[in-house]
Amino acid sequence: MSTVTNTLNGLKSVALLGTGPMGAPIARNILAAGVPLTLWNRTADKARAIGGGRVAGTPAEAAAGVVLTVLPDLPQVADLLTGEDGLLAGWKAAGIAEPVLVIHGTVSPVAVALFAEDCRSRYGVTVVDAPLSGGTIGAEEGRLSTMAGGPRGTVERLLPLFGLYSSTVVWFGETGAGSTAKACNQIVVSATVTALAEAMAVATATGLDPEKVQSILAGGLANSEVLRQKGRRWIDGDFEGGGSAKNQLKDLNFIGEIAKDAGVELPLSASVRGAFELMVEAGDGDLDHTGIYRTILARSG
């Protein structure tokens with residue numbers, strides 16, 4: 001048993017559900033540290049492609065003391081709980097009385113807080129919302145930022161595990177607080193992506209070399225992690241894969257909900273949300289969010 005496994009503060013078993021673009025590199029980082037890991041994905045071949053761990057046929061078979069879910073939204077997580085193949089049945093069969101369910105996807109803070117309360121009162125399941133920032137590159141390099149919400153003691157027990165794929169982990173409060181912090185993060189990400197797309201649109205429309213423009217941006221105050229990770233997309237015109245526009249719009253809708261509840265007016269976020277609504281309506285929702293560049297050019301004629 002590895003030294004890392006010994007430091008997991010009593011976490012006896014770990015599973016990861018959802019081996020997509022973010023889940024797969026997270027799983028590989030956990031396995032690389034020598035931690036036994038059970039994997040499940042709706043498309044089993046994607047779980048087998050990880051090249052390690054135990055691949056479960058159902059969520060019930062993947063039920064572990066700590067279950068990490070890397071799924072798009074809360075309904076996909078909730079769907080894994082019930083039924084004979086669900087996590088609840090699996091936890092019961094395995095004799096796991098107080099499991100921890102970690103939600104790494106970006107979800108509504110209000111909805112996840114209610115979900116956590118329901119899971120705790122009805123099933124004895126502790127829910128931690130721990131959305132991530134850093135993109136697929138950050139996941140591959142093990143330097144994600146993890147924003148955690150949930151019982152403080154539970155989050156502290158999870159810190160060594162989160163540290164296998166995160167360079168920054170911060171606890172913000174009870175369940176839902178992590179998702180609120182992620183909303184703050186997404187305000188900046190969505191606005192930065194849109195601002196860079198507008199800059200690239202101006203460069204293209206005026207005949208400037210976009211690669212040279214990006215080199216200037218990268219050397220000054222306009223530099224950002226978004227530019228570092230995503231800059232080639234605008235140069236190459238490649239918007240396939242990556243963080244989808246429809247997920248960006250989902251995040252922006254959550255931001256709108258939070259702002260309304262908090263009584264805060266967010267004119268920039270509202271404008272960016274409108275741009276992504278146009279992108280999704282145009283049929284580009286599955287493209288990387290940097291594809292907002294196409295929407296800007298199309299609206300410009």
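It should be emphasised that the depicted structure is a prediction, and the values quoted were computed from it without experimental measurement. We number each residue from 1, following the sequence as shown.
- Counting only heavy atoms from C-beta outward, the side chains of L196 and T290 never approach each other to under 4.5 Å.
- Looking at every heavy atom in both residues, V272 comes nearest to A191 through CG2-CA, 4.2 Å.
- Taking 4.5 Å as the limit, every side-chain heavy atom of M147 sits out of range of all side-chain heavy atoms of V170.
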Chi angles and distances behind the side-chain hydrogen bond (donor to acceptor under 3.5 Å, both in side chains) call for K182, T106
CA-CA 7 Å; K182 179 61 184 287; T106 301; 2.6 Å; yes
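- In this structure, the side chains of V100 and R157 come closer than 4.5 Å at one or more pairs of heavy atoms.
- Across S13 and G65, no two heavy atoms sit closer than the pair OG-N, 2.7 Å.
- Other residues, nucleotides and ligands place no more than 12 heavy atoms under 6.0 Å from the CD atom of E117.
- D284 contributes no side-chain N or O that, together with a main-chain N or O of I292, makes up a donor-acceptor pair within less than 3.5 Å.
- Using modelled atom types, one side-chain atom of D129 and one backbone atom of G176 make a donor-acceptor pair closer than 3.5 Å.
- A distance of 9.5 Å separates CG of D209 from CD of Q214, quoted to the nearest 0.5 Å.
- Counting non-hydrogen atoms of other residues, nucleotides and ligands closer than 6.0 Å to CZ of R299 gives a total of 12 or fewer.
- A distance of 9.5 Å separates CE of M279 from OG1 of T194, quoted to the nearest 0.5 Å.
- At least one side-chain heavy atom of V189 sits under 4.5 Å from a side-chain heavy atom of Q248.
- More than 12 heavy atoms of other residues, nucleotides or ligands sit less than 6.0 Å from atom CZ of R120.
- Residues V127 and L68 fall into different hydrophobic clusters, defined by Ile, Leu, Val, Met, Phe, Trp and Tyr side chains chained together at heavy-atom separations under 4.5 Å.
- The shortest non-hydrogen separation linking S269 to I187 is OG-CG2, 3.6 Å.
- Using bins of under 30°, 30° to 60° and over 60° for the plane-to-plane angle, the ring pair H104/Y165 lands in the perpendicular bin.
- A donor-acceptor pair under 3.5 Å is formed between the side chain of E61 and the backbone N or O of G57.
- Of the possible donor and acceptor atoms, none in the side chain of W40 sits under 3.5 Å from a partner among the backbone N and O of L16.
- Under a 3.5 Å cut-off, the side chain of K230 and the backbone N or O of D288 do not form any donor-acceptor pair.
- No salt bridge links R233 with E240; every basic N to acidic carboxylate O contact stays at or beyond 4.0 Å.
- Surrounding CD of E141 are more than 12 heavy atoms belonging to other residues, nucleotides or ligands, all under 6.0 Å away.
- Results of the side chain to side chain contact (heavy atoms under 4.5 Å, CB included) test with T19 over V55, L39, D45, T43 single out L39 as the only residue that passes.
- To the nearest 0.5 Å, atom SG of residue C184 and atom CD1 of residue I258 are 7.0 Å apart.
- Look at R228 and E225 and you find a salt bridge, because one of the NZ, NE, NH1 or NH2 atoms lies within 4.0 Å of a carboxylate O, short of that distance.
- When all heavy atoms are compared, the tightest approach of L164 to I30 is CD1-CA, 4.1 Å.
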T175 and I103: side chain to side chain contact (heavy atoms under 4.5 Å, CB included), yes or no, with the steps?
CA-CA 10 Å; T175 308; I103 299 174; over 6 Å; no
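- Counting heavy atoms from C-beta on, the side chains of R143 and I137 come closer than 4.5 Å.
- Of the inter-residue distances, the one linking L161 atom CG with S166 atom OG reads 9.0 Å to the nearest 0.5 angstrom.
- Between R273 and N253, the closest side-chain pair of non-hydrogen atoms falls below 4.5 Å.
- The backbone N or O of G219 lies less than 3.5 Å from no partner atom in the side chain of N223, so there is not a single donor-acceptor pair.
- I50 and V67 fall into different hydrophobic clusters, where Ile, Leu, Val, Met, Phe, Trp and Tyr are joined by side-chain heavy atoms under 4.5 Å apart, directly or via other members.
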Please lay out, stage by stage, how V77 and L101 fare under the test side chain to side chain contact (heavy atoms under 4.5 Å, CB included).
CA-CA 9 Å; V77 178; L101 179 64; 4.0 Å; yes
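- Between V155 and A148, the closest heavy-atom pair is CG1-CB, 3.8 Å.
- In this structure, K246 NZ and L287 CG are separated by 10.5 Å, a value rounded to the nearest 0.5 Å.
- Hydrophobic clustering, with ILVMFWY side chains joined whenever heavy atoms are under 4.5 angstrom apart, groups W171 together with L144.
- In the hydrophobic clustering of this structure, V202 does not group with W234; members are Ile, Leu, Val, Met, Phe, Trp, Tyr whose side-chain heavy atoms approach within less than 4.5 Å, directly or through other members.
- In this structure, E277 and L249 have side chains that are in contact, with non-hydrogen atoms separated by less than 4.5 Å.
- Minimum heavy-atom separation, L74 to F115: CD1-CD2, 3.8 Å.
- With hydrophobic clusters built from ILVMFWY side chains whose heavy atoms lie under 4.5 angstrom apart, V107 does not share a cluster with V110.
- Looking at heavy atoms from C-beta onward, C119 lies in side-chain contact with L81 at the 4.5 angstrom threshold.
- Interatomic distance, OH of Y293 versus CE of M200, reported as 8.5 Å (0.5 Å rounding).
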